Engineer: 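I'd like to ask some things about the structure below.
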Amino acid sequence: RNMKKIVLITGASSDIGSEIASLLGDSYEVILHYNNNYDEVMKLKDKLDKLYNTDVLVVKCNLAKEEEIDNMLRIIYDRYDKIDILINNAATTCDTLFEDKTKDNFMNTLDINLVAPFLLCQKIGPKMKENRYGVIINISSTNGIDTPYIESVDYDASKAGLISLSNNLANYLAPYVRVNTICPGWINTNMNKNLDKEFINKEENKILLGRFGNPNEVAELVFF
């Protein structure tokens, strides 16, 4: 097979995920993970296949279930003998009143946003170390640092946990595997499209550029 490096992008059908895939598709062999958005991910595959004359691998997986993660990795390792770059981009949010949050809500957010990246890093990281090459990029959020919102306390906690996970792994997998975290602020994505206009204006006023970021700006950072 060709010598391109293999990249697994979780949540590839999302706005940020598809921008990352589109940007990396030329230089890398990308693998698109999705769970629900079949139509979106197939559109993306079609676009990349045509653009780069390739046959992009698409894998479905509910990241909240370890057995599905194992199955996804089996499918990938069946086709490629390694994963060089892991981009933990998939995330979920469940914004509700603090008083209304259930343990199930909280656990589901943690499962997707934090436990799944941990499992993927645990299953892929040591192989990267053995190969003496690897890059792990975790997409966290400023919510994990200094912009808390009580409605998304579970999301915020998961994103803070992801930063901590990255710090631990960077130390553990060094020097062969680089682990970095990207913490976007507000980005124009589907996740944010139903926000109240007044709220958006208030948030934009806190941003020095006076606007939300765009998915391609996050993708450029991943590419770097």
Side-chain angles (χ1 to χ4, degrees), residues 4-80 82-95 105 107-124 135-141 155 158-159 162 182 184 187-194 214-216 218-223:
K4 282 185 177 178
K5 290 195 164 30
I6 314 298
V7 186
L8 169 59
I9 304 164
T10 69
S13 63
S14 71
D15 301 284
I16 292 174
S18 60
E19 286 288 342
I20 294 170
S22 301
L23 199 54
L24 269 56
D26 192 18
S27 320
Y28 300 91
E29 192 90 37
V30 296
I31 300 161
L32 309 176
H33 155 268
Y34 80 106
N35 186 29
N36 298 316
N37 299 338
Y38 177 79
D39 292 344
E40 288 302 307
V41 85
M42 291 318 281
K43 250 189 279 184
L44 179 61
K45 171 182 163 53
D46 200 40
K47 177 180 124 176
L48 297 177
D49 285 349
K50 285 196 176 82
L51 209 53
Y52 304 122
N53 188 26
T54 180
D55 178 20
V56 170
L57 178 62
V58 172
V59 274
K60 182 185 194 315
C61 169
N62 175 355
L63 292 171
K65 300 194 161 120
E66 187 175 5
E67 66 274 18
E68 290 203 22
I69 291 176
D70 288 335
N71 188 47
M72 170 172 78
L73 292 179
R74 263 197 301 275
I75 291 166
I76 293 168
Y77 286 129
D78 207 38
R79 174 151 165 188
Y80 303 107
K82 63 192 168 99
I83 295 168
D84 298 295
I85 299 159
L86 167 63
I87 301 168
N88 283 309
N89 167 69
T92 187
T93 184
C94 171
D95 293 348
N105 293 153
M107 293 308 290
N108 184 58
T109 302
L110 287 184
D111 275 340
I112 304 285
N113 296 5
L114 181 58
V115 180
F118 152 71
L119 288 170
L120 286 164
C121 290
Q122 189 189 46
K123 292 166 194 293
I124 297 168
V135 178
I136 295 171
I137 300 171
N138 293 322
I139 310 289
S140 179
S141 167
Y155 178 85
S158 72
K159 292 302 191 178
L162 196 54
I182 294 174
I187 305 291
N188 287 315
T189 62
N190 266 331
M191 207 187 251
N192 299 326
K193 74 172 187 300
N194 296 323
N214 289 314
N216 68 300
V218 181
E220 292 278 358
L221 196 51
V222 171
F223 192 44

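All values derive from a computational prediction rather than experimental measurement. In what follows, residues are counted from 1 in the order of the sequence shown.
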Engineer: Do any N or O atoms from the side chain of Thr10 and from the backbone of Ala90 form a donor-acceptor pair under 3.5 angstrom?
Structural biologist: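 It does hold such a pair.
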Engineer: Which atom pair, heavy atoms only, marks the closest approach of Ser140 to Pro184?
Structural biologist: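 That closest heavy-atom pairing would be O-CD, 3.3 Å.
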Engineer: Calculate, to the nearest 0.5 Å, the distance between atoms OH and CG belonging to Tyr155 and Asp95 respectively.
Structural biologist: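 The OH atom of Tyr155 sits 9.0 Å away from the CG atom of Asp95.
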Engineer: What residues, two or more places apart in sequence or in another chain, satisfy side chain to side chain donor-acceptor pair (under 3.5 Å) together with Asn108?
Structural biologist: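 Scan of Asn108 (side chain to side chain donor-acceptor pair (under 3.5 Å), adjacent residues dropped) gives none.
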Engineer: I want to check something: taking the side chain as every heavy atom from C-beta on, are Arg79 and Asp55 in contact at a cut-off of under 4.5 Å?
Structural biologist: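 Yes. Closest side-chain heavy atoms under 4.5 Å.
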Engineer: Could you walk me through whether Asn89 and Val218 pass side chain to side chain contact (heavy atoms under 4.5 Å, CB included), step by step?
Structural biologist: CA-CA 11 Å; Asn89 167 69; Val218 181; over 6 Å; no
Engineer: Going by distance alone, is a donor N or O of one side chain under 3.5 Å from an acceptor N or O of the other, for Glu29 and Tyr80?
Structural biologist: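 A donor-acceptor contact under 3.5 Å links the two side chains.
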Engineer: Considering non-hydrogen atoms only, spot the tightest contact between Pro215 and Ile187 and give its length.
Structural biologist: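 Closest heavy-atom pair between Pro215 and Ile187: N-CG2, 3.6 Å.
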Engineer: Check whether any side-chain heavy atom of Thr109 lies under 4.5 Å from a side-chain heavy atom of Thr93, and answer yes or no.
Structural biologist: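 A side-chain contact under 4.5 Å is absent here.
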Engineer: Do Leu86 and Cys121 have side chains that approach each other closer than 4.5 Å (heavy atoms only, starting at C-beta)?
Structural biologist: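 Answer yes - side chains close enough.
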Engineer: Taking atom CG of Asn188 and atom CG of Asn214, what is their separation to the nearest 0.5 Å?
Structural biologist: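 The CG atom of Asn188 sits 5.0 Å away from the CG atom of Asn214.
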Engineer: What pairs of residues pass the salt bridge (charged side-chain N to carboxylate O under 4.0 Å, His left out) test when at least one of them lies in residues 56-69, not counting sequence neighbours?
Structural biologist: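 Salt bridge (charged side-chain N to carboxylate O under 4.0 Å, His left out) check on residues 56-69 returns Glu66-Lys123.
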Engineer: Test side chain to side chain contact (heavy atoms under 4.5 Å, CB included) on Asn35 and Ile112; report intermediate values, then the result.
Structural biologist: CA-CA 11 Å; Asn35 186 29; Ile112 304 285; over 6 Å; no
Engineer: If you compare all heavy atoms of Asp111 against all heavy atoms of Ala64, which two are closest, and at what distance to 0.1 Å?
Structural biologist: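 Taking every non-hydrogen atom into account, CB-CB, 4.0 Å.
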Engineer: Taking the side chain as every heavy atom from C-beta outward, state whether Val222 and Leu23 have any pair of such atoms under 4.5 Å apart.
Structural biologist: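 No - every pair of side-chain heavy atoms lies 4.5 Å or more apart.
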Engineer: Please name all residues satisfying salt bridge (Lys or Arg N to Asp or Glu O under 4.0 Å) with Asp49, sequence neighbours left out, ordered by chain then number.
Structural biologist: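 Expected list: Lys45.
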Engineer: Test side chain to side chain contact (heavy atoms under 4.5 Å, CB included) on Asn113 and Leu162; report intermediate values, then the result.
Structural biologist: CA-CA 8 Å; Asn113 296 5; Leu162 196 54; over 6 Å; no
Engineer: At what distance, to the nearest 0.5 angstrom, does CG of Asn216 lie from CZ of Phe223?
Structural biologist: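 Result: 13.5 Å between the selected atoms.
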Engineer: Find the distance between CG (Leu8) and CD1 (Ile136) and round it off to the nearest 0.5 Å.
Structural biologist: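 Taking CG in Leu8 and CD1 in Ile136, the distance rounds to 11.0 Å.
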Engineer: Which heavy atom of Ser13 sits nearest to which heavy atom of Glu40, and what is that distance?
Structural biologist: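 Answer, listing the atom of Ser13 first, then Glu40: CB-CB, 3.9 Å.
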Engineer: Find the distance between CD1 (Ile20) and CG (Asp15) and round it off to the nearest 0.5 Å.
Structural biologist: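 Here the interatomic distance stands at 11.0 Å.
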Engineer: Could you check Val59, Val7, Ile9 and say which one makes a side-chain contact (heavy atoms from CB on, under 4.5 Å) with Ile31?
Structural biologist: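 Testing Ile31 for a side-chain contact (heavy atoms from CB on, under 4.5 Å) against Val59, Val7, Ile9 leaves exactly one candidate, Val59.
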Engineer: Show your working on side chain to side chain contact (heavy atoms under 4.5 Å, CB included) between Ser22 and Leu44 and close with a plain yes or no.
Structural biologist: CA-CA 8 Å; Ser22 301; Leu44 179 61; 3.8 Å; yes
Engineer: Would you say Tyr38 has more than 12 foreign heavy atoms packed within less than 6.0 Å of its OH?
Structural biologist: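 No.
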Engineer: Which salt bridge (charged side-chain N to carboxylate O under 4.0 Å, His left out) pairs, counting each pair once, include a residue from residues 83-93, with sequence neighbours left out?
Structural biologist: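 Applying salt bridge (charged side-chain N to carboxylate O under 4.0 Å, His left out) to every pair that reaches into residues 83-93, excluding sequence neighbours, yields Lys82-Asp84.
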Engineer: Given His33, which of Val58, Ile69, Leu120, Leu63 fulfils the side-chain contact (heavy atoms from CB on, under 4.5 Å) condition?
Structural biologist: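 So the option named by the test is Leu63.
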Engineer: Run the side chain to side chain donor-acceptor pair (under 3.5 Å) test against Asn138 and tell me which residues pass, sequence neighbours left out.
Structural biologist: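 Scan of Asn138 (side chain to side chain donor-acceptor pair (under 3.5 Å), adjacent residues dropped) gives Asn88, Ser166.
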Engineer: When rounded to the nearest 0.5 angstrom, what distance separates OG in Ser141 from NZ in Lys159?
Structural biologist: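 Taking OG in Ser141 and NZ in Lys159, the distance rounds to 6.5 Å.
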Engineer: With a 4.5 Å heavy-atom cut-off, do Lys5 and Val135 have their side chains touching?
Structural biologist: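 Side chain of Lys5 against side chain of Val135, heavy atoms only: no contact under 4.5 Å found.
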Engineer: What residues form a salt bridge (Lys or Arg N to Asp or Glu O under 4.0 Å) with Asp46, not counting sequence neighbours?
Structural biologist: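 For Asp46, the residues satisfying salt bridge (Lys or Arg N to Asp or Glu O under 4.0 Å) (neighbours in sequence not counted) are Lys50.
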Engineer: Does any part of the side chain of Tyr28, heavy atoms only, come nearer than 4.5 Å to the side chain of Tyr52, both counted from C-beta?
Structural biologist: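 They are not in side-chain contact.
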